[in-house]
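These notes are about the structure you will find just below.
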Amino acid sequence: MSLQSSGGGGSRMPAVPTPSTGAVMPPVAPTSGVSERKQARRENWRLIRKRPAFIVGCLIVLVWVACAILGNRITPHHPLDYRGPINQSPSWDYLFGTDKTGRDVLSRVMAGARDVLKIAPLAAIAGVVFGVILGMFMGYLGGVLDLVASRIVESFLALPTVLIALLAITTLGNSSWVVIGVVATLFTPIVARTVRSAVLAERDLDYVTSAKLRGEGKMFIMFREILPNVTGPIIVELTVRIGYAVFTVATLSFLGAGPPPPSPDWGAQVSDNYNSIVAGFWWTTFFPAAAIASLVIAANMIADSVQSVVEAS
Amino acid sequence: MSASSISLGTTATAAALAVDDLQVVYTVRGIDRAVLRGVSFSVAPGEAYGLVGESGCGKSTTAYAALRYLPRNGKIVGGSVHVAGRDVTSMSTAELQEFRAREASMVYQDPAQAMNPTIKVGKQVIESFTLLGQSKEQAAASAMVALRKVRIADPTRVMDRYPFQLSGGMQQRVVIAMALACNPKLLVLDEPTTGLDATVEAEVLDLVRVLRQETDAAVLMIAHNLGIIRQLCDRVGVMYAGKVVEEGPSAQVFDDPQHPYTVGLLRSLPRRGVRKTEQALSTIPGILPLIGSDLPTCVFVDRCPLADETCRTVVPPVVPVGINGDRYTRCHHSDRIIEVEETKPGVDITLLAPAEGQPDVLELSHVSKTFKQRNHAVPALVDVELGLAEGETLGIVGESGSGKSTLAKTMLGIESADSGGVVSLDGRAVAAATGGRSAEDKRSMQMVFQNPDSALNRAWSVRRILMRSVEKLTGIKGEEANKRVETLAAHLRLTPRHLDLKPRQLSGGLKQRVAIARAFAGDPKIVVCDEPTSALDVSVQAAILNLLADLQSEQRTSYVFITHDMGVVRYLADRIAVMYLGRIQEVGPTDDVFHGPNHPYTEALLSAIPSVDGEEKVRIRLDGEIPSPANPPSGCVFHPRCPRVMMGICDVTEPPLAEVSPGHAMRCHIPVEQLIELQRKPV
């Protein structure tokens, strides 16, 4: 009774459509299926491109990415070594003005993109990866593990982020890796909670039952069967987390956990110069702060657009 | 030529509802897609009009558009809707609100969603009267009257409850009472009984029938169940791809369809007691066009056996049928309807007979399943004894909560049977849980689920879904496994192109084929099918049932077929087990179960089926609600609802499952001779 041997005679399966008159054959599902899917993707893409928020967000991010990659090659002056007139307000010569040692603020803001763009996405990605793993175990395995992990996650969320981060950095040192590790650890429980609820909705679907019926292991079910079906919320979470990571990383370096003073890092610049605001030298603080804000907002604009399209489809 | 002009002779002003050339689009991903492509019909005051058609044909959209309740992305782009002479399409928001409050009402599929779960039923019913301007006291009195009107015996008690404390049937009664509060000129019923059990459905339909005589509201009824429409509606419109293709008095349309689509739809139903051993079911080739797709002049042309070039280029005429002028069909070839051939291949009857005189492939002995719920033991299965022969189909029927699905899960080991119960495969006891069973045991027994959307991994391609099952169940790997996948797919009439698609790119019927292919990946001995066609349209259901019968005749597979559809189970099953409250109440060969004598519960179930053939039946009413399994009645668990109860015996001792004729057993105290006498059917 194998399938191979059982072809042939006695078949009474519904015949392939054979209309009795000369009707044109109906379009079968697959053809329309493929084109329909491409069509849907094209339409989704067109929809997201139509959103001004998405376009503006992407443009801002692209500008900063270009600054980060090209660095000194496109800055008007060297961000560290140049010495011009000190404390110049913005002018045609120095668009963002100069700081107390005569360095060009514009050049420093452009070069400062590199640190944050290196650290924030890595931290967000690491946080999402660990969050996905933790959330998957909590959601799928449930039981005592879920109960205990959920309480830990909640207590983590109750702690003030920045304090914990500072504490960790002062004890572990303030290398980029420590900052990435700390931010990732802070994000993990948040991501885990999102993933857990997505997994809960999948766990009881029949395809999981079917996998159990053919004897699949737990790891296979979690990471091969369920994971690909919860990518939507994960992608949304990632884009949102990148925005938060930019903000957290900048905050940390403002508080002194970032690279030391000569560095053009945005947070460090703000921290280095905010004392001089009262003296009227607002530009040395304003422009790096505006740069942080622009990147956070851009990331959120992209995240919102991605979210609305992911949720609609 | 406008269709409404020939349908009943009612004009827009006289009709309770007049829909003329209605066109509706849905905006999906930024593009307008046509859903209704010029729908016209009218309903006279006091008349009941039914709209039927397969899912996606636009029948619900029509109903919602009639009250301008379209979803946010839907809009009316042409045509008009008049209710009691007033143009609904041009009303302002305020007028619309007033209109919905006083002139028209709607009853939805799910009564639980139509009520606020946090407010007591009484307050909600009273509110529908205060809205009309009545004082608190007046409204309270009106609410009592309204609830009595929908045959609620104890309105005071019902009013003091929250919606979730009422059964589905009771909830729907309350919703209907609220809908009738304003004495509407038009009552729209959108699949009002789809979520209800057969016996409850019959009660609600009885109620609607009685209420129709008491009020003069026009009724627009949407249902996919043709039997319901036949029983309840004076006239019916058959919809396909956003157009009414045929219209006329229900009995005439169903007995003598005049459009190729109606013909196909009716033929694909398992009717008049036809069995799989007698003939295959007829199907409609092709699939329903997607909403918004460009269609030729005749919307049905791609699936029509009569279609020719004219149908693609000339708009089909509205052809009057009969001499009364109350019927029409929208077809170029209405004179050739008789030529529509049945698309049903021949069948080899001998192959379909279950094996006799051999040991059963599956045996359940003393199988019980008790769930723990807040320290309460809830027995979902009680002492089930069943056997399944090779090549046999065992149908399992019963209302929701009867334990059908738990039985299936317990067989498969998704739920472990209580200790003491034994599940045996080929005479060998197997572990209670799937995890404890051998690879061979897992291979032998697979499942087809009710909802293919949930049963197939959305992220996987069809090839990967089948490949994984082949590899895991048979141990074959690589190129050989791939070949087997292709053979398997070809067997299920899936083309190689289907293999590289994701489930969501397939239609419901194709998805269910993939799910069946997966179950058959390891040449199982037993396949448990849990309502495999209840989520599908009837024409697709026919193809799937044919396929299952065909696979069985070729591979001698045994099926456990769970369903609530008596027509389907009669067609496919060799034996039927009727379950109530986790117990098998009756089991026997299909013919015996359908011809009787029956257990009184089976009798009630059978009498509740709304028949599309219009046969007269004596309805057996069941009083009360299905008791909770946590707290089963004493004696025979059916006795509180049994119309033939013998107090003093039935409420004291539980009757044994006793054989009344070879292979036909039931749990009833009434002697079989007496049952035969009681159930003798009028000739």
Side-chain angles (χ1 to χ4, degrees), chain A residues 1-34 36-37 39-40 42-44 46-47 50 202 204-216 220 224-231 309 312-313, chain B residues 29-31 280 283 285-287 290 301-308 339 341 343 345-348 351 412 414 434 439 442 446-447 449 451 454-460 469 472-473 484 487-488 491 493 495 497-498 501-502 505-507 510 518 520 523 543 546-547 549-550 553-556:
Chain A
M1 59 174 214
S2 91
L3 278 167
Q4 280 87 342
S5 65
S6 59
S11 174
R12 41 165 270 177
M13 252 177 261
V16 178
T18 43
S20 55
T21 57
V24 183
M25 285 289 282
V28 261
T31 9
S32 61
V34 169
E36 188 209 339
R37 187 176 176 208
Q39 182 89 15
R42 234 193 330 255
E43 283 161 5
N44 264 342
R46 199 171 59 199
L47 217 60
K50 260 199 215 158
E202 294 289 318
D204 295 326
L205 292 183
D206 292 334
Y207 73 87
V208 176
T209 310
S210 170
K212 286 182 195 156
L213 279 180
R214 62 171 192 266
E216 301 287 5
F220 184 92
R224 301 290 199 81
E225 295 266 4
I226 296 179
L227 184 61
N229 287 302
V230 294
T231 46
V309 172
S313 60
Chain B
R29 287 191 296 270
I31 294 168
T283 60
I287 54 162
L290 295 163
V301 67
D302 285 334
R303 302 173 72 183
C304 182
L306 300 178
D308 57 24
E339 293 170 31
E341 281 170 20
T343 41
V347 59
D348 197 340
L351 275 174
L412 288 156
I414 301 167
T434 319
K442 285 177 195 147
Q446 284 292 314
M447 179 163 185
F449 298 87
N451 183 350
S454 148
L456 301 177
N457 191 330
R458 317 187 286 291
W460 286 21
S469 276
K472 200 74 190 166
L473 294 172
R484 198 182 152 85
T487 321
L488 191 63
H491 233 76
R493 300 283 143 128
T495 69
R497 275 180 305 172
H498 290 128
L501 300 178
K502 296 268 173 72
Q505 295 164 263
L506 304 174
S507 66
L510 285 170
R518 178 178 62 186
F520 275 87
D523 286 331
N546 284 343
L547 189 64
D550 192 49
S553 77
E554 285 177 8
Q555 307 206 20
R556 311 287 301 144

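A, B, ... follow the sequence lines: proteins, then strands. Residue 1 opens every chain.
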- Note on the structure: Note: L213(A) and M447(B) closest approach over all heavy atoms is CD1-CB, 3.7 Å
- Task: Please look at E216(A) and chain B and tell me whether the side chain, the backbone, both or neither of the residue comes under 4.5 angstrom of a heavy atom of that chain.
- Result: both
- Closest contact, heavy atoms only, K472(B) versus G215(A): CE-O, 3.4 Å
- Task: Measure distances from L456(B) to the heavy atoms of chain A and classify the residue's part below 4.5 Å as side chain, backbone, both or neither.
- Result: backbone
- Note on the structure: Closest heavy-atom pair, W460(B) versus P228(A), reported as atoms and distance to 0.1 Å, is NE1-CG, 4.4 Å
- Item | Any donor-acceptor pair under 3.5 Å from N457(B) side chain to E225(A) backbone | yes
- For S469(B), is it the side chain, the backbone, both or neither that has a heavy atom under 4.5 Å from a heavy atom of chain A? both
- Set of residues satisfying side chain to side chain contact (heavy atoms under 4.5 Å, CB included) with respect to N451(B), sequence neighbours excluded: D453(B), S454(B)
- By salt bridge (Lys or Arg N to Asp or Glu O under 4.0 Å) - contacts of R224(A) (at least two apart): none
